[in-house]
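Letters go in sequence order (proteins before strands), and every chain restarts at 1.
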Amino acid sequence: MIKAPRGTRDLLPPDTALWNFVEAAVRDVFRAYNFHETRTPIFESTELFARGVGEETDIVTKEMFTWEDPQQRYVQLRDSYIEASNAFKEGRPPSGKLVPLELLAGTQSLTLRPENTAGIVRAYIEHKLWDRGLNKFFSIGPMFRRERPQKGRYRQFYQIDAEVIGPPSSGSESPARDAEILELVATLLDRVGITGWTLQLNSVGCPVDRAKFNEALKQALAPVIDKMCVDCQRRAVTNPLRVFDCKVPEDQPIIATLPTISQFLDEACRAHYEEVKSILNAVQIPYVENPRLVRGLDYYTRTAFEFTHGSLGAQNAILGGGRYDGLSKALGGPAAPGIGFAIGEDRLVLALAASVESVYRKPDVYIAPLGPGLNGEAARLARELRRHDLVVELGDGSFRLKKSFEAADKMGARYILIVGENEVAANAFALKNLASGEQVTVPRSELAERILRK
RNA sequence: GUGGGAGUAGCUCAACCGGUAGAGCAUCGGACUGUGGCUCCGACGGUUGCGGGUUCAAUUCCCGUCUCCCACCCCA
């Protein structure tokens with residue numbers, strides 16, 4: 001039997017009703033904050049993620065679905081040729097790399113997107129979206145990471161993603177945007193019925209601050225590192241910030257003595273962070289400061305945050321995000337400060353209080369044609385009722401009435417409508433409420449209204 | 001990638017020390033020709049995840065592999 005590949009799964013009714021409920025609520029909230037939808041490709045050039053997410057991150061080094069796609073490099077070849085010919089005319093050496101001819105029929109490395117921000121920023125640069133001022137985007141779609149599956153963690157998973165990006169003159173750098181995003185998330189979680197979330201907040205400063213902090217951290221770790229766990233010893237070399245993620249109890253007293261990033265923020269970053277917190281207080285969004293909160297991706301600056309939820313086991317982060325003021329430049333674009341977040345939709349649905357029953361819409365009426373010649377009449381009635389936005393299910397003339405009743409019952413229809421010879425002749429139909437057992441004969445013209453009335 | 005647990009009917013689960021694979025629910029049919037939920041009867045449903053090994057005999061023991069679950073790593 002062919003099965004869904006590891007780490008993927010089928011979302012089926014009635015569960016999909018829950019997903020639709022979430023997405024509808026999310027779209028409502030985004031609308032109120034003037035966010036608009038984007039849909040970027042599910043695969044991009046591998047280079048985009050290597051440069052955007054960070055060459056050394058786990059995501060890029062071991063978790064991406066990457067393949068080589070045969071491709072004729074017309075564009076590079078053409079640009080290379082134009083530059084060469086211009087250079088020749090102007091009597092100067094050509095700039096940039098000349099694409100050798102043997103690459104004409106080479107390959108292009110492509111990757112299923114492991115996250116969405118890089119793609120959005122790529123689109124921002126490609127379409128020169130700075131001309132629009134401040135862009136507020138959201139998108140909903142699948143991401144792909146080749147990780148070992150676990151509860152709330154899949155190889156194809158879904159993210160609800162929001163990004164605010166624009167030139168500095170558009171206010172994209174303002175702490176007001178950070179606070180607005182955080183307040184939006186809080187609203188969104190409340191709206192879909194997630195209770196008991198915790199907002200953890202920190203500022204990771206500018207790259208310069210982080211470099212200074214990293215240095216101080218290394219110095220602080222040097223004398224104590226041999227007393228710590230093997231994971232920490234490894235982290236101390238590869239990524240000292242990650243030492244703060246350590247969960248080994250024996251290490252905690254040592255970790256408590258380590259410097260925190262907050263001590264190394266420059267004046268601008270500190271003021272920015274203070275303003276974010278001040279606005280959050282003004283709109284009464286609760287948060288806890290977590291000076292050890294760091295982000296896994298290289299591009300993050302300043303505000304970093306995470307919303308966690310207790311019901312999710314070890315994968316307790318329901319969403320994470322932060323500011324990425326340097327990303328656009330890193331991808332070859334202009335300065336374009338931005339801030340965004342990504343909700344793990346799979347995890348959001350897991351944490352949802354709403355039950356499937358409460359959002360799964362059942363048929364309003366089941367139409368039971370009584371006899372093989374009555375399918376046409378039943379279909380006409382169904383068509384009329386569906387125009388009134390009623391959910392209509394249709395039986396078959398070959399069914400015995402008992403079977404129609406059972407079918408209607410099973411799918412949870414509110415009413416059954418019996419379409420027999422007598423009813424057609426009278427142009428009035430037997431309508432029975434399946435819950436109460438009450439049955440009335442209703443003229444065709446009053447059917448929709450009667451069913452809608454409940 | 002590392003460590004641990006688990007895979008038996010569509011679903012939830014049985015099957016004692018290795019001895020011919022079972023129940024409930026669900027599905028379909030009948031009792032019951034135009035009135036459901038209840039009841040009764042019957043039917044359908046299986047390469048016991050897959051492959052190999054040990055054995056007279058394997059769902060059971062061993063090895064490999066796949067998938068899921070839990071934790072680590074990392075992250076949403």
For the base of [N], is there a side-chain donor-acceptor partner from [X] under 3.5 Å away?
X: Arg153(A); N: A76(B); answer: no
X: Lys3(A); N: U67(B); answer: no
X: Arg148(A); N: G3(B); answer: yes
X: Glu423(A); N: G34(B); answer: yes

Rounded to the nearest Å, what distance is computed from the [atom1] atom of residue [X] to the [atom2] atom of nucleotide [N]?
X: Asn316(A); N: C73(B); atom1: CG; atom2: P; value: 12 Å
X: Ile318(A); N: A76(B); atom1: CD1; atom2: C1'; value: 10 Å
X: Lys151(A); N: C68(B); atom1: NZ; atom2: P; value: 14 Å
X: Tyr154(A); N: C74(B); atom1: OH; atom2: P; value: 21 Å

Quantified in whole Å, what is the [atom1] atom distance between nucleotide [N] and nucleotide [M]?
N: A15(B); M: U8(B); atom1: P; answer: 14 Å
N: U35(B); M: G49(B); atom1: P; answer: 47 Å
N: A14(B); M: A6(B); atom1: P; answer: 12 Å
N: U12(B); M: C38(B); atom1: C1'; answer: 23 Å
N: A23(B); M: G45(B); atom1: C1'; answer: 14 Å
N: U59(B); M: A21(B); atom1: C1'; answer: 8 Å
N: C62(B); M: G4(B); atom1: P; answer: 14 Å
N: A43(B); M: U65(B); atom1: P; answer: 43 Å

### Query
Is there a side chain to side chain contact (heavy atoms under 4.5 Å, CB included) between Phe429(A) and Ile367(A) once you walk through the steps?
CA-CA 10 Å; Phe429(A) 300 85; Ile367(A) 300 182; over 6 Å; no

When all nucleic acid strands are considered with a 4.0 Å heavy-atom cut-off, which category describes [X]: base, sugar-phosphate, or nothing?
X: Asn422(A); answer: base
X: Gly321(A); answer: nothing
X: Glu115(A); answer: nothing
X: Gly371(A); answer: nothing

### Message
What I'd like to find out is whether the side chain of His309(A) reaches to under 4.5 Å of the side chain of Leu350(A), using heavy atoms alone.
### Response
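His309(A) vs Leu350(A): side chains apart.
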
### Task
Could you say whether the aromatic ring of Phe405(A) and the base of G37(B) stack, counting only centre distances under 5.5 Å and plane angles under 30°?
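Taking the rule of under 5.5 Å and under 30°, the ring of Phe405(A) does not stack on G37(B).
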
Which listed nucleotide ([options]) is nearest to the side chain of [X]?
X: Lys403(A); options: C69(B), G37(B), G29(B); answer: G29(B)
X: Glu63(A); options: C74(B), C69(B), G34(B); answer: C74(B)
X: Arg400(A); options: C32(B), C70(B), U67(B); answer: C32(B)
X: Leu434(A); options: C69(B), G36(B), A76(B); answer: G36(B)
X: Arg347(A); options: C75(B), G36(B), A71(B); answer: C75(B)

### Task
Examine C69(B): is either OP1 or OP2 under 4.0 Å from a nitrogen or oxygen in the side chain of Gln150(A)? Give yes or no.
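No, Gln150(A) has no side-chain N/O under 4.0 Å of OP1/OP2 on C69(B).
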
### Task
Look at Lys410(A) and U27(B) and indicate whether a side-chain polar atom (N or O) is within less than 4.0 Å of OP1 or OP2.
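Yes, within the criterion.
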
### Query
With ring centroids as reference points, do Phe30(A) and Phe138(A) lie under 6.0 angstrom apart?
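Yes: the rings meet the under 6.0 Å criterion.
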
### Glu183(A) and its side-chain contact (heavy atoms from CB on, under 4.5 Å) partner, picked from Leu188(A), Asp178(A), Val283(A)
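Result: among Leu188(A), Asp178(A), Val283(A), Val283(A) is the only option passing the side-chain contact (heavy atoms from CB on, under 4.5 Å) with Glu183(A).
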
### Query
Among side-chain atoms of Tyr158(A) and Glu23(A), is any donor-acceptor pair under 3.5 angstrom?
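No, Glu23(A) and Tyr158(A) have no side-chain donor paired with an acceptor closer than 3.5 Å.
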
### Query
Do Ser262(A) and Thr260(A) have a side chain donor and acceptor closer than 3.5 Å?
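There is such a pair (donor and acceptor under 3.5 Å, judged by atom type) between the side chains of Ser262(A) and Thr260(A).
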
### Message
Need to verify one output field. Residue with the more 5' nearest nucleotide on RNA chain B, Glu306(A) or Pro5(A)?
### Response
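Between the two, 5'-proximity favours Pro5(A).
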
